[in-house]
Each structure stands twice: as C-alpha cells, then as structure tokens.
Amino acid sequence: MRSVPPSEAAYDELRLRQWSRGTARSAGIDRRDLLRLLAAASAAGPLAGLAAPASAAPAAGAPSVPSVPSAPSAPSAPSAPSAPGIVKPLPPEVFTVRGTNAETNFAALRRTGLLTPADRFFVRNHTVTPRIDAAAWRLTVWGSGLTGPAVEFTYDELRALPAVTRTAFVECAGNARSFYATQQNQQVSGTAWTLGAIGTARWRGARLSDVLRRAGLGRDAVDVLPRGLDDEVVADGIRLGRVRRPLPVAKALDDVLLAYEMNGRPLPPDHGHPVRLIVPSWVGVASIKWVGDIEVSAEPLVSPWNTGLYRLFGPGYPPQGSAPLTRQTLKSAFEVAPGASFPAGRRQVLTGRSWSGGAPVRTVEVSTDGGVRWRRARLRDQPRSGSWVRWSADWVPEAPGPAVLLARATDRTGRTQPETSVHNTQGYLFDAVVRHEVRVV
Ligand SMILES: Nc1nc2c(c(=O)[nH]1)N[C@H]1C(S)=C(S)[C@@H](COP(=O)(O)O)O[C@H]1N2
Ligand SMILES: [Mo]
C-alpha cells in the first residue's frame, strides 16, 4: 500500500495476519465461503467486454432478514438507458450505465462547480436502491466493544447531535479500471469504469465518534462494522450477506461522518437516504449507504469486503492479497468527451479535475502532444485533503488529425501519477496517466 499512515498500515497488516491464522472472526459469513472468495479473487477473470456489470445480484431465495422494501423503481423515459434499481433519471449525456451502476461522464461536469450536483453523481449499487422512510429508520449500535447493551438512534436523535459539514469525494476503488485493459493490455474483473466513478459533495451529518461515545464505546473496541439495509449480495454463487466492511476504531473516531445531507439537501435515495457513512479519502466501499446497524467489536472482524474483495491480488502480491484497501490513489480527468473534435488554430480552454486520497493535490501538468511537452495547469481551487481541484490549460490545436491529451497530478506527499499502473486482478487503484484521444479538424 502507498500513502498510508503507519497506524492504518499497521492495523491492516495485523488484521491480515489474524485472518490467515484464523484468529479474526468472520462477521456473518462462513469461513469456507470466505476462503472460496479469496481463491476466486486471486484468479479473477476478465472483463466481459467493456460493459461488464459487477458479478453481483440480489440473493435469490435468501432467508428474510428484518427488511426494508426495496423498490426496483422508476424507469425513466423508455428510450433512456436505465440501471435496474437506480431511482434517479440517468440521461445519457450525463451517465453511462454499467450493470447496476451509473458512471458520470466527465464532460458533463464542465460547467458545474466544485461540488458534483446530486443528479450528476455516479451510483455504485451492489444490488438495488432501497426506499427507506426516515421516520421509521433506526440505527442500532451493538456488540462486544460496547460497555453496555445495544443502543438505538432515530433520525431525529441523530440530527439533534452536533452537526459537522465536510467536502469530500466518494470514489470507487475500481474507478478507471478499464484502462488496465485498454492502455496496458491486462485482464481485470469488475465494472469497466472509465474515470467517472467519483463525485465530490458537501456532506452534513453527525460525527461517528459522537454516536459511538454515546453508545458507550469500550476501551477494548478494535473494529466497527457498519452494514447497509439494501438486499443481500450474491457473487460467484457465494452468499455474501449485506454490504458491510470493518473500519478500525482509530479511523472511526477520526473524521468519519454519519451523513444525512448532500449539498444542503436530504440524501437522495440512491446515495444512502436517510443516512450513510462518509469515510473521507478512503475507497468508496467504506462509505456504507443506507446504514442500519453498526457492530462495535472487541475482536477483530473480517467481511468479504476486506478479504476477497478490495485487496490487491496478482503476481506482485502475496497469495492472500495485499492488506485491505484504505486510502484512494491519485488521478486526473479532462472534462472533455472521448473522441471530441477541436477546430485547428483556435484557442481552447481545456478543463479537468485531479484528486488524491493521500494528500491535497500540489500541481497538475498537461500535455497536448501525447507526452512530449508538459506545462503547468492553472489550479482553480484551493487544494484540500479528501477533495479534488479543478484546473484549466490553454491549447491552440495545430494540424488537423488525431491528438492525445494527458494530465498528470502530483500530491503533497510528492507522489506523481506514473506512466503505468501496477496490475492487480480486480483492477483496483488505477493511478497511471490516462490517454485521452481527441481529433483536431
Ligand atoms: N449499503 C451499501 N453501501 C455502499 C454500496 C452498496 O452497494 N451498498 N456501494 C459502495 C461502493 S462500492 C461505492 S463506490 C459507494 C458509491 O457511493 P454512491 O453510489 O453514492 O456514489 O458506496 C458504497 N456504499
Ligand atoms: Mo466501489
């Protein structure tokens, strides 16, 4: 892992060793199933074409769990592409539908501000968006890491706690995965995102630390396990249960929010209504949507989302994979449609965004000749940790023909986007400079 502060890295290594020795508890899934999942992850298959949906589907015939009705809902206009289970409209100029997910087209962000409007924010659903009534919703905090019994919070009780706001991106660990195949000729499994599995919003909510302290956090608590109220997930024939991923207590007490607002409005259904976690700078899967309960454990916990999934497998990694992913890597994207054309001899203002989970962005460089010459882009925002910066660069296209635009960020840890990304079978954490092909006409 890169750019991980020692405490997180130490936590991850410890959990990995505990997991291999069988001394961590597999929360809610059979240990044999977890081992099968690990085997599947290390030998992950190829993307089935570039529109492959994630291999996850609602559990058929799963036993009923205390349930929230899920509405595979609101198909938009018959001609518009729709993803099963996404509630909001997905106009094709804004989104590319990929299975149960919707990717934001970067060109659709050109005239937006720093914050991604909720109606342009990408959606990553393992199953379908559930419809949850805030008045009936409860958050149950429970487990061996509490000093007493389970504690419930209503929506109003959560809103009555001190509120904090924070601008943060949510980015899928597999964002840009398709470039392993198209730029590096390497096979990876999972949703074939280009660069748009990211959005930045202003989140408002209660601090997870306040909720945990009110629930009676014990001194021996080591992990917290937030779990979503959406349907159980089945992947490759293995029943994984509900989406949930352990978070070390140290991160939970640091900067994690239980958010109920996105850009000044109640969370929309697709983004976790009524309440979701926001885990700044970490891979998107940590930011559990539609959270219904949080287990607080005095024993280390594992779930499929930090064992077989969301670790790096491949030739450069140990057989049981890297430590579970924590922080996001760094990337840059142009707000330009793929294959766009530009008239020769006329000044253009190219715009884009760069971000890093490791530290605020320091500089962005742009090349309009496929990487021969580079120049500094102008940063449009004050770089901040856990957020992105907008930038722009002038360009006067010369001779008609194909052209390749490149953008490369460096963050304050000194990391710069490399030319190629180290391969892993599930295509996580792509960080290389992306070749953006356009035409001069
Ligand atoms: N309950 C639940 N939480 C979830 C998910 C999910 O399917 N169910 N997907 C995760 C993943 S993989 C990502 S990348 C982010 C996406 O958040 P968004 O759909 O609001 O963009 O939510 C995370 N939280
Ligand atoms: Mo994700």
Side-chain angles (χ1 to χ4, degrees), residues 53-59 65 68 70 83-88 90 95 97-104 115-132 137 139 168-177 189-193 196-201 203 225-235 240-245 247 256-263 267-294 303-306 309-311 324-326 328-329 357 426-430:
S55 58
V65 273
V68 176
S70 47
I86 295 183
V87 170
K88 68 184 176 185
L90 301 172
F95 292 105
V97 171
R98 303 190 189 280
T100 56
N101 316 295
E103 172 169 355
T104 303
L115 306 181
T116 313
D119 61 3
R120 295 183 181 224
F121 206 99
F122 87 103
V123 181
R124 164 63 175 122
N125 278 353
H126 282 74
T127 62
V128 303
T129 294
R131 302 307 294 263
I132 301 171
W137 174 86
L139 174 67
F169 63 71
V170 172
E171 184 192 15
C172 191
N175 192 23
R177 164 187 288 134
S189 63
T191 304
W193 305 110
I198 181 170
T200 298
W203 310 96
L225 183 69
R227 181 163 54 163
L229 290 165
D230 41 339
D231 286 343
E232 296 199 12
V233 178
V234 176
L240 306 181
R242 293 182 164 193
V243 180
R244 63 202 186 286
R245 190 171 197 260
L247 197 63
V256 178
L257 292 189
L258 282 161
Y260 41 74
E261 278 180 20
M262 178 181 190
N263 297 338
L267 287 186
D270 295 313
H271 299 291
H273 182 86
V275 177
R276 79 177 298 169
L277 256 74
I278 289 294
V279 182
S281 301
W282 280 34
V283 288
V285 69
S287 294
I288 296 294
K289 303 193 276 189
W290 314 294
V291 59
D293 73 294
I294 300 177
S303 91
W305 286 269
N306 72 344
L309 303 167
Y310 301 97
R311 274 179 199 250
L325 303 183
T326 57
Q328 266 295 358
T329 186
Q426 292 173 105
Y428 295 129
L429 301 188
F430 189 87

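Whatever order the structure lists them in is the order used to number ligands and atoms, beginning at 1.
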Any side-chain heavy atom of L247 sitting closer than 4.5 Å to one from V279? yes
Which bit of S287 gets closer than 4.0 Å to ligand 1, counting heavy atoms only: side chain, backbone, both or neither? backbone
To the nearest 0.5 Å, what is the distance between CD on E261 and CG on L267? 8.5 Å
Which of the atoms of ligand 1 are close to G228, meaning less than 4.0 Å from one of its heavy atoms? 1 (N)
Note the single closest protein heavy atom to atom 11 (C) of ligand 1, along with its residue, its atom name and the distance in Å. R124 CG, 3.5 Å
Geometric cation-pi criterion, R242 with W290: 6.0 Å, 45°: no
Does any N or O of ligand 1 fall below 3.5 Å from an N or O anywhere on N125, backbone included? no
Parallel, tilted or perpendicular: which one describes the rings of H271 and F121, with boundaries at 30° and 60°? perpendicular
With a 3.5 Å distance limit and no angle check, can you tell me whether W305 reaches the backbone of V243 through a side-chain donor-acceptor pair? no
Which heavy atom of the protein is the closest neighbour of atom 15 (C) of ligand 1, given with residue, atom name and distance? G284 O, 3.6 Å
Would Y310 count as a contact residue for ligand 1, given that I'm defining contact as a non-hydrogen atom of the residue lying under 4.0 Å from a ligand atom? yes
Ligand 1 and E171, any nitrogen or oxygen pair closer than 3.5 angstrom? no
With the side chain counted from C-beta on, respond yes when V123 and K289 share a heavy-atom pair under 4.5 Å apart, and no when they do not. yes
Return the residue, atom name and 0.1 Å-rounded distance of the protein heavy atom closest to atom 3 (N) of ligand 1. K289 N, 2.9 Å
Working to the nearest 0.5 angstrom, can you tell me the gap between F95 CZ and R120 CZ? 8.0 Å
Quick one: which ligand 1 atoms are inside 4.0 Å of a heavy atom on V123? 19 (O)
I'd like to know if the side chain of T200 and the backbone of T116 have a donor-acceptor N/O pair within less than 3.5 Å. no
Could you tell me whether H271 and ligand 1 have an N or O pair separated by under 3.5 Å? yes
How does R276 reach ligand 1, by side chain, by backbone, by both or by neither, if only non-hydrogen atoms under 4.0 Å count? side chain
When you measure from atom 2 (C) of ligand 1 to each heavy atom in L309, L229, D230, which option holds the nearest one? D230
Using a heavy-atom cut-off of under 4.0 Å, does the side chain or the backbone of F122 touch ligand 1, or both, or neither? both
Approximate separation, where rounding is to 0.5 Å, of D270 CG and N101 CG: 11.0 Å
Please list the nearest protein heavy atom to atom 10 (C) of ligand 1 with its residue and the distance rounded to 0.1 Å. V285 CA, 3.8 Å
Please give me the minimum heavy-atom distance between V128 and P84, naming the atom from each residue. CG1-O, 4.3 Å
Looking at ligand 1, does any of its N/O atoms fall within less than 3.5 Å of an N/O of H126? yes
